[in-house]
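Below is one structure, written out as structure tokens; comments come after it.
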Amino acid sequence: MKNLLPLLAILLTLATSCRNPHGCQSGVPAHQEANSVYYWKTVLRLDSAERNFLSAHDVKRIYLRMFDVVADDGEWGAIPNASIQIPEREFQLLYEMDTTEIVPVVYITLDGLRAMADNDGELARNIVNRVANMSKYYYLPNVSEIQLDCDWTNSTRNQFFKLCDSVRASIKELQLPWRLSSTIRLHQLSQKAPPVDAGVLMVYNTGAFDNPDTRNSIIDYDDIEPYLNNLKSYPLHLDVAYPTYSWLLLFSNRKFIGIINELNLYDADRFEPQGENTFIVKNDFPYNTALIRKGDVIRRETSDFKEIEHVKREIEKRLAGREHSNIIYHLDPENLKNYTADEIQDIFAVGR
């Protein structure tokens, strides 16, 4: 029995290190728990506020959006778009963050996914090569994972799963020490898990933002609760991403017009409060190159800490006993300043 103990420990470690029914990539570092953030801008700038936030909250993993994949009329059907730009000063700062893991993220649009058709193998190689080259060029530290972000549906599930298989094959072919992860939307919890090593459950954009009757499309427990029964038995390792952003949504005659910003909704000459978080436009006024008209409705949505806390408490109950990290979406000081240090620590904290 004494000689069996080390073997049992090894077997237990192997059994619990990967919940993926498709198998995990071999020869890569194990996924560790860590305070984590998404960075979702087209130009990376880590000013003092961002660096102080990362340091103060011991953030050890940054999910860095690298580029989008969009539909194209050319030979391959889909191409990269809106690649991140990292000025030299910034990638020097990243290089010096030698204890921080960077996870490159590639956002796949649904049109881009559909346009891949039978070219998913070639496109997967192009995606992996591009991420590898960008990671090397920008001296990204501690890259051991690549993430695919896609809001696939029943009609596009098989195409996305084929892309995941092809990306895994390309990672192996290039002998890269990378895991493969994907984002998981709430509605995808009831579906078969994609063929990846781990997932990140996106607990934001949970409602219909273009519905004029939605209370808060960023995060609302009433929208989330129906999906939570599928969480406990979900076969992938899951980390969880919570929102810390806000936005203004413009409606005209109950039709969604777009996302706007930089408006003082407490300007009594322009806006009249109506209800909990909506404002009626009192007079026409120009906005950028458009016109906001009298009678239009603006809905202000925020990531209220009490709502995050409520949602997180219920998710933690269902993930009890399963290792996971909590992630903030995203690293933006203008939004993060709306939370106290204790509130941020509460979002990161696992098990409560």
Residue pair Glu276, Asn216: steps toward the side-chain hydrogen bond (donor to acceptor under 3.5 Å, both in side chains) verdict: CA-CA 10 Å; Glu276 179 185 359; Asn216 189 333; over 6 Å; no
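- Remark: Glu334 does not engage Lys41 in a salt bridge, criterion side-chain N to carboxylate O under 4.0 Å.
- For Arg215 and Glu307, the salt-bridge test passes: some basic side-chain N is under 4.0 Å from an acidic carboxylate O.
- By the 4.5 Å heavy-atom criterion applied to side chains, Tyr107 and Thr183 are not counted as neighbours.
- Of the candidates Tyr38, Tyr242, Tyr329, Trp247, Tyr329 is the only one forming a ring-ring contact (aromatic ring centres under 6.0 Å, His included) with Tyr204.
- Using modelled atom types, one finds a donor on one side chain and an acceptor on the other under 3.5 Å when comparing Arg130 with Ser83.
- Within 6.0 Å of CZ in Arg318 there are more than 12 heavy atoms belonging to other residues, nucleotides or ligands.
- At a threshold of 4.5 Å between side-chain heavy atoms, the hydrophobic network of Ile, Leu, Val, Met, Phe, Trp and Tyr places Ile298 and Ile280 in two separate groups.
- At distances below 3.5 Å, not a single donor-acceptor pair connects side-chain atoms of Ser144 with backbone N or O atoms of Trp178.
- Shortest non-hydrogen contact noted between Pro195 and Leu180 is O-CD2, 4.2 Å.
- Other residues, nucleotides and ligands contribute only 12 or fewer heavy atoms inside 6.0 Å of the OH atom of Tyr95.
- Judged by distance alone, the side chains of Asn335 and His330 never bring a donor and an acceptor atom under 3.5 Å apart.
- With sequence neighbours excluded, the residues satisfying side chain to side chain contact (heavy atoms under 4.5 Å, CB included) with Arg157 are Trp152, Asn154, Phe161, Gln191.
- Between Val37 and Phe53 there is a side-chain heavy-atom pair separated by less than 4.5 Å.
- With hydrophobic clusters built from ILVMFWY side chains whose heavy atoms lie under 4.5 angstrom apart, Leu265 does not share a cluster with Val297.
- Using a 4.5 Å heavy-atom threshold, the side chains of Glu122 and Asn126 count as touching.
- For Tyr221, the OH atom sits in a packed shell: over 12 heavy atoms of surrounding residues, nucleotides or ligands are nearer than 6.0 Å.
- Remark: side-chain polar atoms of Asp239 are paired, donor with acceptor, to backbone N or O of Ser325 under 3.5 angstrom.
- Both Val200 and Trp40 are assigned to one and the same hydrophobic cluster, defined by single-linkage of ILVMFWY side chains at heavy-atom distances under 4.5 Å.
- For the pair Asn277 (side chain) and Glu301 (backbone), a donor-acceptor distance under 3.5 Å is absent.
- Asp267 is linked by a side chain to side chain contact (heavy atoms under 4.5 Å, CB included) to Asn264, Asp269, Arg270, Phe271, counting only residues two or more places apart in sequence or in another chain.
- A perpendicular orientation is assigned to the rings of Phe209 and Phe256, their planes being inclined by more than 60° (bins at 30° and 60°).
- Between the side chain of Gln159 and the main chain of Thr156, no donor-acceptor pair closer than 3.5 Å is present.
- Cluster annotation: Leu249 and Ile292 are assigned to distinct hydrophobic clusters (Ile/Leu/Val/Met/Phe/Trp/Tyr, side-chain heavy-atom contacts under 4.5 Å, transitive).
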Hey, mind stepping through Val69 and Leu123 against side-chain contact (heavy atoms from CB on, under 4.5 Å) and telling me if it holds? CA-CA 10 Å; Val69 174; Leu123 284 165; 5.8 Å; no
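- We find that Glu314 and Lys317 are joined by a salt bridge, their nearest charged nitrogen and carboxylate oxygen being less than 4.0 Å apart.
- When hydrophobic clusters are built by joining Ile, Leu, Val, Met, Phe, Trp and Tyr residues whose side-chain heavy atoms come closer than 4.5 Å, directly or via intermediates, Val167 is grouped together with Leu174.
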When you look at Leu44 and Tyr138, which way does the side-chain contact (heavy atoms from CB on, under 4.5 Å) test go after all the steps? CA-CA 11 Å; Leu44 177 68; Tyr138 288 130; over 6 Å; no
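- The hydrophobic cluster around Val43 extends to none of the other residues, as no ILVMFWY side-chain heavy atom falls under 4.5 Å of it.
- The number of heavy atoms from other shown groups lying within 6.0 Å of CG (Asp213) is above 12.
- Contact between Val131 and Pro104 at its shortest, heavy atoms only, is CG1-CB, 3.6 Å.
- Residues His237 and Glu323 bring no donor and acceptor atom of their side chains to less than 3.5 Å of each other.
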Checking Gln92 against Glu96 for the side-chain hydrogen bond (donor to acceptor under 3.5 Å, both in side chains) test, could you report, in this order, the C-alpha distance in whole Å, the side-chain angles of both residues, the deciding distance, and whether it holds? CA-CA 6 Å; Gln92 179 63 33; Glu96 292 170 358; 3.1 Å; yes
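- Nearest heavy-atom pair, Cys150 versus Leu110, reported as atom, atom and distance to 0.1 Å: SG-CD2, 4.3 Å.
- Under a 4.0 Å N-O distance rule, the pair Arg168/Asp197 qualifies as a salt bridge.
- The shortest non-hydrogen separation linking Ile108 to Met116 is CG2-CE, 3.9 Å.
- Using modelled atom types, one side-chain atom of Thr109 and one backbone atom of Gly112 make a donor-acceptor pair closer than 3.5 Å.
- When the shell of 6.0 Å around OH of Tyr139 is examined, it contains 12 or fewer heavy atoms from other residues, nucleotides or ligands.
- Under a 3.5 Å cut-off, the side chain of Glu90 and the backbone N or O of Pro87 do not form any donor-acceptor pair.
- Look at Asp332 and Lys337 and you find no salt bridge, because none of the NZ, NE, NH1 or NH2 atoms lies under 4.0 Å from a carboxylate O.
- Asp47 places a side-chain N or O within 3.5 Å of a backbone atom of Glu50 that can act as its donor or acceptor partner.
- Ser36 contributes a side-chain N or O that, together with a main-chain N or O of Ala34, makes up a donor-acceptor pair within less than 3.5 Å.
- Arg51 contributes a side-chain N or O that, together with a main-chain N or O of Leu46, makes up a donor-acceptor pair within less than 3.5 Å.
- The closest donor-acceptor contact from the side chain of Asp304 to the backbone of Lys306 lies under 3.5 Å.
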Checking Asn205 against Tyr245 for the side-chain hydrogen bond (donor to acceptor under 3.5 Å, both in side chains) test, could you report, in this order, the C-alpha distance in whole Å, the side-chain angles of both residues, the deciding distance, and whether it holds? CA-CA 10 Å; Asn205 291 0; Tyr245 61 91; 2.3 Å; yes
Verdict with reasoning, Phe279 to Leu248, per side-chain contact (heavy atoms from CB on, under 4.5 Å): CA-CA 10 Å; Phe279 298 79; Leu248 304 178; over 6 Å; no
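- Across every non-hydrogen atom of Arg299 and Asn211, the tightest pair is NH1-O, 2.9 Å.
- Within the model, atoms NZ of Lys60 and CD of Gln32 stand 13.0 Å from one another, a figure rounded to the nearest 0.5 Å.
- Taking the charged nitrogens against the carboxylate oxygens, Lys162 and Asp165 have no contact shorter than 4.0 Å, which rules out a salt bridge.
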Show your working on side-chain contact (heavy atoms from CB on, under 4.5 Å) between Ile328 and His57 and close with a plain yes or no. CA-CA 11 Å; Ile328 280 177; His57 297 287; over 6 Å; no
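- Using a cutoff of 4.0 Å between basic side-chain nitrogens and carboxylate oxygens, Glu309 and Lys312 are not scored as salt-bridged.
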Check the pair Thr100, Asn142 against side-chain hydrogen bond (donor to acceptor under 3.5 Å, both in side chains), reporting the backbone distance first and the verdict last. CA-CA 7 Å; Thr100 301; Asn142 306 320; over 6 Å; no
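- Remark: of the listed residues Ile79, Asn81, Asp111, Ile79 is the sole one forming a side chain to side chain contact (heavy atoms under 4.5 Å, CB included) with Asp72.
- Closest approach of Thr206 to Asp220, counting heavy atoms only: OG1-N, 3.5 Å.
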